[in-house]
K.L.:
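Please read through the structure below; I'll follow up with questions.
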Number of protein chains: 2
Amino acid sequence: MKISKVTIKDVAREAGVSISTVSNALNGVDVLHPDTKEHVLKVAKRLNYIPNLNGKNLKSSATKVIGLFITSLKGPYYDQLVDAISKECEKFGYELNIFITKNDRTALSNILGKRVDGAIISNEFIDEMDVLALEKAEIPIVFIDRERVSKTSASVVFDSYKGGQDVARYLINLGHKNIGYIRGYDHLYDDIERYAGFRATLEEAGIGFNEENLLVGYFEEDASFSAVKAFVKSGKELPDAIVAANDLSAIGCIKALKSEGILVPKDISIISFDNIDLSEYFSPPLTTVNNPIIRLGKLTVESLLGIIQGKTEGKLEKLQGSLVVRDSCSLNKNVLIR
Amino acid sequence: MKISKVTIKDVAREAGVSISTVSNALNGVDVLHPDTKEHVLKVAKRLNYIPNLNGKNLKSSATKVIGLFITSLKGPYYDQLVDAISKECEKFGYELNIFITKNDRTALSNILGKRVDGAIISNEFIDEMDVLALEKAEIPIVFIDRERVSKTSASVVFDSYKGGQDVARYLINLGHKNIGYIRGYDHLYDDIERYAGFRATLEEAGIGFNEENLLVGYFEEDASFSAVKAFVKSGKELPDAIVAANDLSAIGCIKALKSEGILVPKDISIISFDNIDLSEYFSPPLTTVNNPIIRLGKLTVESLLGIIQGKTEGKLEKLQGSLVVRDSCSLNKNVLIR
DNA sequence: GCCTTAGATTAAAACGTTTTTATTATTTCC
DNA sequence: GGAAATAATAAAAACGTTTTAATCTAAGGC
């Protein structure tokens, strides 16, 4: 049934040489007579020989592949991130291998199971203990969802805390005092940091936060839509402004408001994070904190390759964003009147 | 430097049994005394043993992973597709492993190099000869970018030809005669089929096509924007309607027109393919052909697993879409006047 | 109590490579 | 022209598993 696969042995037999010679010819170890090398290569090609990677990686454990372990690829944020990472890997001659997984075991088993030379991890489900195991095994890793540094593991993150501060300050400067917040997932680095920065800044400014105005949108458009819709329907007093944990949430939020006849930014200001492409041509164009996703992706790969090649040790890099002002926020009406 | 990895041998030594016993215990081969099994498992856990996948797959070549070989993940279309595929794999206990590659060699080498049990291929760069090699090797494969069937390879495609016919008929019924077209990539199945269906329908209706109205937008928003912008700037007579090869192209097209003061659908009708989420809330909401992406993804995985498990042979499945009428098309003004 | 059988475990072969070491053939040196 | 160095190739060990075949021990059968 199963067609017998052509192995290095077959090539050796067909070419009339030993398997070591074939291996050397194929891997460019410059020790062979040019004629034999050429001959072997020709035979290998004729037989359509393709090396078994399991055999190969079993012996010489450099796979030349880096693994990206991520919980989801959905949405424009990951689009950009993955694209940047992929391009950068290609540039350096590494293969990228993406694993979508919420299950930390598949990550562990693929990383420690030596299918990759190094890993990029954006997977909050890998818990502290497993991270420790990875560090102990001294496998090159870059985290983009947590701050974690060792000799062989680095972190590249967006300075979300600073982002949270920025949006809070911006809204405060516009005269807003009653500010709501739509969180994403409260176990995610970016969500935690953004919210923390926001709250801290409010506190510094002596402005209170009404816990009733804290919604949850799971970084998604639909969930945010529902949450906001429900809030409005409940008849509670609307805040002057709302911070959304990411642009997608802001979009869901604005759509919900719109469906209830509430206008942005006239009746309420909305501000968010990421600056995805869509935020520019959504109506209204979103005021948002630019997240340098592409640079983050590039740096991640560079950092990882540095560790893999033994050139650098793990370190923490925190990338700064900047506020992109568009049309979704306006001065507080009360301030205007005053 | 490199920390020595714990292998099955270490577990065996520590547990005071042979490596075969460890292997049997770990893989649930029911031949061991329950007590030994339990003991071995406990030791393995204590040592944090994780099997080397290369060693494992070298011997017993069932990897329980399926590979997705795809040229790009960018854009909402692939978002949905990959998400559907991923969920379906998980459902059946298979690991999904995504390779972004324009380079057919990495695909070939990973598939024939036995890192996967089967492959889903959406990669036009894999040429006919290599496809033949894959079929000859009898490796389970499902193509979603071409029609190709053998005992171990299947195809699941969207009926793009029919889609092309549908949009053409719809525009003709609205009274349009001078119709333009924005193609994607003319080596891609969906692009070829859509355009062919469109042209054939025009011909049947006795309506000519002006080759000057054929633009190229590479399935992207930006490229389409530029192409349309250039067309308008050139001063050529605008068609009554334009078919865009996908929604993203339509969006770029509409934005370009808008920037030149041309209104959709008042001045010109735009129709496209895919029905991505965005098409609903873009302004104007797009009239487009619904592409059952999620069903396509599910069917792909089911089909592949059927082949892997030897239950089914390869077959061709062609999924039908349907026109979703929104606001980007209108009756031809000339018809109205008449 | 001996022989067979079943149950439990182990030893050894195999998977397809790379790499280290060994072998053979050729050249260089004086 | 023989020893030593060099070049070219091959043999064998190793990587970490699974699996097949072999061994050992205890249990039954008579």
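Throughout, protein chains are lettered first and strands after them, A, B, ... in sequence-line order, and every chain is numbered starting at 1.
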K.L.:
In whole angstrom, what separates A:Asn24's CG from D:dT9's P?
P.N.:
10 Å
K.L.:
Need one value for B:Ser60: base, sugar-phosphate or nothing, where a base atom within 4.0 Å counts as base even if backbone is also close, heavy atoms only.
P.N.:
sugar-phosphate
K.L.:
For DNA chain C, whose closest nucleotide is more 5', that of B:Leu32 or that of B:Gly55?
P.N.:
B:Leu32
K.L.:
Compare side-chain N and O positions of A:Lys56 against OP1 and OP2 of C:dT18 and report whether any pair is under 4.0 Å apart.
P.N.:
yes
K.L.:
Check this for me: does the side-chain of B:Ser20 come within 3.5 Å of the base of C:dA11 through a donor and an acceptor?
P.N.:
yes
K.L.:
Tell me: NZ of B:Lys59 to C1' of C:dA12, nearest whole Å?
P.N.:
11 Å
K.L.:
Rounded to whole Å, how long is the line connecting atom CG of A:Leu26 with atom P of C:dT19?
P.N.:
13 Å
K.L.:
Taking only side-chain N and O atoms of A:Thr21, does any of them lie within less than 4.0 angstrom of OP1 or OP2 on D:dT9?
P.N.:
no
K.L.:
D:dA10, D:dT17, C:dT18: which one has an atom nearest the side-chain heavy atoms of A:Asn27?
P.N.:
C:dT18
K.L.:
Mind calculating the distance between CG (A:Leu53) and P (C:dG16) to the nearest angstrom?
P.N.:
13 Å
K.L.:
Roughly, in whole Å, what's the span from CG in A:Asp35 to P in D:dA7?
P.N.:
16 Å
K.L.:
Out of C:dT10, D:dT17, C:dA8, which nucleotide sits closest to the side chain of B:His33?
P.N.:
C:dA8
K.L.:
Categorize A:Asn57 for me: base, sugar-phosphate, or nothing, with a 4.0 angstrom heavy-atom threshold over every strand shown.
P.N.:
nothing
K.L.:
Out of A:Leu132, A:Leu134, A:Leu316, which residue meets the side-chain contact (heavy atoms from CB on, under 4.5 Å) rule with A:Arg148?
P.N.:
A:Leu132
K.L.:
Work out which heavy atom in A:Ile50 is nearest to a heavy atom in B:Leu112; give both atom names and the distance.
P.N.:
CD1-CD1, 3.6 Å
K.L.:
Let me spell it out: for each of B:Leu58 and B:Ser18, pick the nucleotide of DNA chain C with the closest heavy atom. Which residue's pick is nearer the 5' end?
P.N.:
B:Ser18
K.L.:
Of all the heavy-atom pairs spanning B:Tyr78 and B:Ser122, show the shortest one and how long it is.
P.N.:
CE2-OG, 4.4 Å
K.L.:
How far apart are the closest heavy atoms of A:Ile70 and A:Val82, and which atoms are they?
P.N.:
CD1-CG2, 4.4 Å
K.L.:
Hey, does B:Ile19 reach any base, or is it just sugar-phosphate, or nothing, if we go heavy atoms under 4.0 Å?
P.N.:
base
K.L.:
Just call it for B:Ser23: base, sugar-phosphate, or nothing, with non-hydrogen atoms closer than 4.0 Å on any strand.
P.N.:
base
K.L.:
Rounded to the nearest angstrom, tell me the gap between atom CD1 in B:Ile8 and atom P in C:dT10.
P.N.:
12 Å
K.L.:
How many whole angstroms separate atom CZ of A:Arg13 from atom P of C:dG16?
P.N.:
12 Å
K.L.:
Would you mind telling me which of D:dC15, D:dT9, D:dT18 lies closest to the side-chain atoms of A:Thr36?
P.N.:
D:dT9
K.L.:
Which whole-number value in Å describes the distance from A:Asp10 CG to C:dC15 P?
P.N.:
11 Å
K.L.:
What closest approach, in Å, do A:Val157 and A:Arg146 show between heavy atoms, and which atom pair accounts for it?
P.N.:
CG1-O, 3.8 Å
